[in-house]
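Have a look at the structure below, then the notes.
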Amino acid sequence: MSTISPSELSAQYDPAGVERAIYQRWLDAGVFVAHAGRSRAAGGDLVPFTIVIPPPNVTAVLHMGHGLDNVAQDLLIRWRRMAGDEALWVPGTDHAGIATQNVVERALTAEGLTREGVGRQAFVTRTEQFVERTGGRILEQLQAIGCSCDWTRTAYTLSPALSRAVREAFVRLYDAGLIYRGHRVIHWCPRCLTSLSDEEAEFENETGRLYHIRYPLADDPSRGITVATTRPETMLGDVAVAVHPEDDRYRALIGRRVRLPIAGVEIPIIADEFTDPEFGTGAVKITPAHDANDFEVGVRHALPMPVVIAPDATMINGQDAAARVPADLVGLDRTAARERVVAMLRDAGLLVNVETHEHAVRHCYRCHTVVEPRLSDQWFVRMAPLAEPALAAVRDGRIRIVPERWEGVYDHWLTNIRDWNISRQLWWGHRIPVWYCDACGGEPIVQRTDPSACPSCGGALRQDPDVLDTWFSSWLWPISTLGWPDEDAPDLRAFYPTDVLVSGPDILFFWIARMIMAGFFFIGKHPFHTVYLHGIVRDPQHRKMSKSLGNGIDPLDVVRLYGADALRYTVIAGMGLGVDMTLDHENLETSFAPGRNFTTKLWNIGRFLLGNVGDGDVQPLDAIDPAHLQRADEWILARLDAAIAACDAALGPSRPPHGRWSGAERRTGMRLNEYAETARSFVWNELADWYVESTKGRLAAGGADGEVARAVLVHVFDAALRLLHPIVPFITEALWQRLPVGGRRDGDGALLAGARWPRARGGAAERAREFELVVQSVSALRQLRAEYRVPPGTRVRATLSGASDAAHAVLGEEHALIGRLAGAEVSAARDGVGLAPGSAAHALLTDGSSVVMHLEGVVDVERECVRLRGELEELDRQLGALRGRLQNERFLARAPAAVVEGERKKAEEWSARREVLARKVEALCAG
RNA sequence: GGUCGCGUAGCUCAGCUGGUUAGAGCGCUGGUCUCACAUACCAGAGGUCCGGGGUUCGAGUCCCUGCGCGACCACCA
């Protein structure tokens, strides 16, 4: 493993050269493998932390959506693993019924074959082979972005184990009376030739037309009733015209009959409250076989239900239709038929009016074909009883949804839930475990094992030809992947319920809500306590990234160019809670610059550190006498503590602290972007910009103090790498391996991936704070240099004077360091205001300490006065406002004590500063 | 039709229960190839926090309203 053995670091970080080897090393060490026996729930002593992956479709190729989703999961699982939990991330894939079948069908078409032509058995075999060949690809791609899944537990919804769970679930629901056969109008995709659930038939807004058609009265063709419809072709299947019973316009017509144009049949005018008098003409044509609402009306009024549209959306004279569809329309596609019908009506003078009409039309979520409502027999799950506990769990805080606003959406869906059509007229999927006996025609047989003959008559059985909705296996995922229906399965006992479910909000109903229902029904426990819903990846025009738009980003391209860590960092840093992320597929350089720049920075800190601390092992921090720590040491250690605390706070409690999420707790944690920003700014703006710079002199000088600096540097960098590992696992592992800490590495196999999450250690807070004077002095001197355009490299003289004895002492002790960082000869003087006009530039620190830079001949008194006066004015203005606030009785009475106290302190500081500033102005600008 | 979200620097966005002089990244300007890093360093410019009302000692944050986006739901025939 030369790539991560201790050796000189290359000048440039080369992610492509090390990531694969590092990942392999994690695999070899087994750090991703969870052990049921170690879980407290199974007799061990570790708290389990489990995530089940939203299984990507077996046919899927990794895109940014997966990238975002899985990086978030990996971050959480790595965090908890390091925090000491028994962490399990279950990976796997979904057989994706319609999607996969479509892919294979397209391949057949390309070969000039058809599904029907090759036959069911051969088709399924072929699909299985296809999946075997290509199905694992996306999981390999997840490895390329560093996902630490437990690959020994990789699951597949169509595997024998999970298929057993599916059948068990079906039988249990059937036995409980929650699965039934229903005869009704369902959503049908005429291209996929299968029924769809309500969720799978997606609304899309479209501008269509509303056709007003006159139906003449049968006994008086000079009179008629005008109906409004968006789908004139369905009129051939009309069996009635419905009006509202209270609608005075039509009251007299109720009970009379109209002659249906073109079809030439007589149908009644009926009254039904479903009719909205405000819409269209207030009269609705009723087509029970081709509209879900009309079907309900048809049932209520015991109307016939003629079928005039075939499964492939061509016109036919189907069941009960007689010869309603004229011969020249039969076989015509529904859109062509619509034009013909409209033309015929126009010719007959029955087309009263056509207006444009905005409405939502349902489309197949897999192929986008307009869905056709179709009367058929399907299997349904009765959802209301299942919804109840799922609803209660979110309401009472056993489950929280983050961000919280989705809880309302979830609640609304579940309270208005409708039964779930679970049968699909496909070949790829779990065959419905129902058998019929054609010989005796008895009750269908539903059982766990395939029956061989009819139990009543011994006759041959015929299995239901349909398969189950893909989501019928997905909703079992958290339990089936852990071993259910074997209730004693070790994984189920050790890792269920799981903890966090990470997903986009688009499958909240499809999947998440149903998993919760399944968890309660089959096991009696909610499957997870936190649902984390992240945003969608969009392009700069704010469009969803999609294959068809060609605006997608291939995460593997990013990995190749900048490394997995750059991808991960960028994605995490941009992941505001529930906020969509904009990435430009045409400019990967810019889009992923934050991540790439940060990994480069990290690498260079590592190079500095390893080049300057030497080869010998560094003492542990604990071995250093605290009295030997410098202010800078105390400062960076305090900043590290603060960073750890802030990261912990941003990530929040990993599980409900008291069993259920309280109102406030629901909104705590899961701020992944905040965690990333905290860690970044600590490493870059504090560790690199100040501490590392401050140690250069000490390291060069060596000696006892050099040892102290080395120890602190290595300690802090070690902690920083741990803190960053869940975000950028590869580079942190590569650097951590080279830390000169001898045998002190903890964790499994001496890998950072198995090491412990850092903890705050506490320290000398006051001395740490004193270092802020150093930081401010250096900044002040740099500003003066820039303002007076002192050429770089020119050393200038400066004098510092503390606002207090304590500050003065600090500046005196640290003047050499300040001088080195600011490129100046610095001395400290008790009253070294250095007022010599024309030769000094002045700056003030927040506590009123004074920095004077001696600039012979450079400083223009006028200009310096203008600057200082401006500063004084600004300070006076703000001080005035502050004092006003402190004299406001209501403020004093109502503001929290801490706020008032803070304002008081601030006022004191500002006053002191003002004093000094005023004195300077007075002395300098007397004229 | 209902519900919800968004509108903060040129761009992408933080800003969580109202409380320092509103922040970051990218971009921009000026200066530096300083022995970890030019994918960097130093300094800087840039904001009527969408408009209008209101509540409050105090509003980017809460309420109302208008405008502009967006999402989801719905028996928009």
Side-chain angles (χ1 to χ4, degrees), chain A residues 9 11-13 203 205 208 210 227-231 234 242 274-276 279-281 283-287 291-294 296-297 357-360 403 405-406 408-409 412-413 416 505-506 508-509 536 540 542 562 566 570 573-574 576-584 589-591 593-594 596-612 650 663-664 667-669 671 673-674 677 680-681 688-689 692-693 696 700 779 782-783 785-787 789 791-793 823 874-875 877-878 881-882 884-885 888-896 898-900 902-903 905-906:
Chain A
L9 295 187
Q12 279 229 325
Y13 177 51
F203 278 115
N205 288 318
L210 190 61
V227 298
T229 179
T230 53
R231 303 201 50 202
T234 63
F274 136 82
T275 308
D276 175 8
F279 188 89
T281 62
V284 200
K285 57 191 268 322
I286 301 298
T287 324
D291 183 283
N293 295 312
D294 294 4
E296 300 296 329
V297 176
H357 178 60
E358 296 288 335
H359 63 151
R405 65 187 143 90
W406 289 105
V409 178
H412 181 258
W413 186 76
N416 297 291
D506 50 330
L508 180 58
F509 306 144
I536 308 281
H542 230 68
Y562 313 115
T570 302
L577 201 58
V579 175
D580 291 349
M581 181 167 333
T582 311
L583 291 171
D584 188 351
E589 167 91 23
T590 300
S591 292
R596 185 201 50 176
N597 294 354
F598 182 57
T599 52
T600 302
K601 187 68 184 179
L602 252 189
W603 186 253
N604 282 305
I605 296 169
R607 287 185 68 210
F608 167 82
L609 188 123
L610 295 168
N612 284 276
R667 291 182 288 274
T668 319
R671 267 42 179 214
N673 58 329
E674 218 170 279
E677 170 55 19
R680 181 205 67 82
S681 68
D689 288 352
V692 165
E693 292 301 329
K696 284 181 176 172
S779 292
R782 284 173 178 167
Q783 279 168 32
R785 288 187 72 118
E787 177 160 349
R789 307 211 173 274
E874 176 64 15
L875 192 54
R877 207 175 53 75
Q878 306 212 353
L882 190 55
R885 208 174 311 160
N888 184 314
E889 280 171 33
R890 289 177 181 229
F891 171 71
L892 296 175
R894 295 181 194 182
V899 172
V900 176
E903 300 285 72
K905 246 195 175 137
K906 195 164 61 177

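Numbered from 1 within each chain, the chains take letters A, B, ... in sequence-line order. No hydrogens, no waters, no symmetry mates; every other heavy atom, side chains included, goes into these values.
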Margin query: Base, sugar-phosphate or nothing for Lys905(A)? Non-hydrogen atoms, less than 4.0 Å.
Written below: nothing
Margin query: Using a heavy-atom cut-off of 4.0 Å across all strands, would you classify Ala283(A) as base, sugar-phosphate, or nothing?
Written below: base
Item checked: Sugar-phosphate, base or nothing in reach of Ala688(A), heavy atoms under 4.0 Å -> base
Checklist line | Parallel, tilted or perpendicular: ring planes of Tyr13(A) versus Trp603(A), cut at 30 and 60 degrees | finding: tilted
Check: Who is the Watson-Crick or G-U wobble partner of rC69(B), with both distances under 3.5 Å?
Finding: rG5(B)
Check: Taking a pair as Watson-Crick or G-U wobble with both distances under 3.5 Å, which nucleotide is matched to rC35(B)?
Finding: none
Item checked: rG47(B): pairing nucleotide in any strand, Watson-Crick or G-U under 3.5 angstrom -> none
Check: Roughly how far apart, to the nearest Å, are rG68(B) and rG27(B) at atom C1'?
Finding: 26 Å
Next item on the list: Identify whether any heavy atom of Ala292(A) sits under 4.0 Å from a base atom; if not, whether one sits that close to sugar-phosphate; answer base, sugar-phosphate or nothing.
Entry: nothing
Note to self: Checking base pairs now: Watson-Crick or wobble, both atom distances under 3.5 Å. What partners rG25(B)?
What the structure shows: rC11(B)
Notebook entry, point to check: His412(A) near the nucleic acid: base, sugar-phosphate alone, or nothing, with a heavy-atom cut-off under 4.0 Å?
Noted result: sugar-phosphate
Note to self: Can you tell me the base-pairing partner of rU17(B)? Count Watson-Crick or G-U wobble geometry only, both distances below 3.5 Å, and say none if there is no partner.
What the structure shows: none
Check: With rounding to whole Å, what would you report as the distance between rG31(B) and rA38(B) at their C1' atoms?
Finding: 13 Å
Check: Which value, in whole Å, describes the distance between the C1' atoms of nucleotides rA45(B) and rC72(B)?
Finding: 42 Å
Item checked: Set of side chain to side chain donor-acceptor pair (under 3.5 Å) partners for Lys906(A), sequence neighbours left out -> Glu903(A)
Next item on the list: Look through every strand shown and name the nucleotide pairing with rG30(B) as Watson-Crick or G-U wobble, where both distances are under 3.5 Å.
Entry: rC42(B)
Next item on the list: Could you check Phe598(A) against Pro540(A) and say which one's nearest nucleotide on RNA chain B is further toward the 5' end?
Entry: Pro540(A)
List every contact pair, protein side and nucleotides 13-18 of chain B side both N or O, where the distance is under 3.5 Å.
from, atom 1, to, atom 2, distance (Å)
rC13(B), OP1, Thr582(A), OG1, 3.0
rC16(B), O2, Arg671(A), NH2, 3.4

Check: Would a 4.5 Å heavy-atom cut-off, applied to side chains only, mark Arg680(A) and Phe598(A) as touching?
Finding: yes
Next item on the list: Taking only the side-chain heavy atoms of Gln783(A) (C-beta and beyond), determine which of rG5(B), rG44(B), rA77(B) contains the nearest atom.
Entry: rG44(B)
Margin query: Taking 4.0 Å as the cut-off, does a side-chain nitrogen or oxygen of Arg607(A) come that near to OP1 or OP2 on rA36(B)?
Written below: no
Next item on the list: Pick base, sugar-phosphate or nothing for Ser681(A), based on heavy-atom distances below 4.0 Å to the nucleic acid.
Entry: nothing
Notebook entry, point to check: Do Thr234(A) and Asp291(A) have side-chain heavy atoms sitting under 4.5 Å apart?
Noted result: no
Next item on the list: Using a heavy-atom cut-off of under 4.0 Å over every strand shown, decide if Glu589(A) touches base, sugar-phosphate, or nothing.
Entry: nothing
Margin query: Can you check the distance between rA9(B) and rA36(B), where both ends of the measurement are the C1' atom (answer in whole Å)?
Written below: 32 Å
Next item on the list: With heavy atoms under 4.0 Å as the rule, sort Glu296(A) into base, sugar-phosphate or nothing.
Entry: nothing
Check: Got a second to check how far Leu583(A)'s CG is from Thr590(A)'s OG1, nearest 0.5 Å?
Finding: 11.5 Å
Next item on the list: Between rA77(B), rA36(B), rC37(B), spot the one nearest the side chain of Val692(A), thanks.
Entry: rA36(B)
Item checked: C1' gap between rG46(B) and rG2(B), integer Å -> 42 Å
Next item on the list: Supply the atom-to-atom distance Leu577(A) CG to Asn673(A) CG, rounded to the nearest 0.5 angstrom.
Entry: 7.5 Å
Item checked: Residues forming a side chain to side chain donor-acceptor pair (under 3.5 Å) with Arg596(A), sequence neighbours excluded -> Glu589(A)
Next item on the list: For nucleotides rC41(B) and rU8(B), find the distance between their C1' atoms and express it as a whole number of Å.
Entry: 29 Å
Notebook entry, point to check: Taking the side chain of Thr275(A) as heavy atoms from C-beta outward, which of rA77(B), rC72(B), rC26(B) is closest to it?
Noted result: rA77(B)
Item checked: Arg596(A) side chain, from C-beta outward: closest of rC42(B), rU39(B), rA40(B) -> rU39(B)
Next item on the list: Tell me, please, which residues at least two apart from Glu889(A) pass side chain to side chain donor-acceptor pair (under 3.5 Å).
Entry: none
Margin query: Quick one, Val899(A) and Phe891(A) - any side-chain contact, counting heavy atoms below 4.5 Å?
Written below: yes
Where do N or O atoms of nucleotides 30-35 of chain B meet protein N or O atoms at under 3.5 Å, pair by pair?
none

Note to self: If you only use heavy atoms from C-beta on, which nucleotide in rC37(B), rA36(B), rA77(B) is closest to the side chain of Thr600(A)?
What the structure shows: rC37(B)
Check: Of Ala228(A) and Asn888(A), whose closest RNA chain B nucleotide lies nearer the 5' terminus?
Finding: Asn888(A)
Next item on the list: Summarise how protein sits on nucleotides 19-25 of chain B as a single string, 5' to 3': B when a protein heavy atom is under 4.0 Å from the base, S for sugar-phosphate-only contact, - for no contact.
Entry: BBB--SS
Checklist line | Identity of whatever pairs with rG60(B) - Watson-Crick or G-U, under 3.5 angstrom | finding: none
Item checked: Closest non-hydrogen atom pair, Pro540(A) against Thr582(A) -> CA-CG2, 3.7 Å
Margin query: Between rC50(B) and rG7(B), how many Å separate the two C1' atoms, rounded to a whole number?
Written below: 6 Å
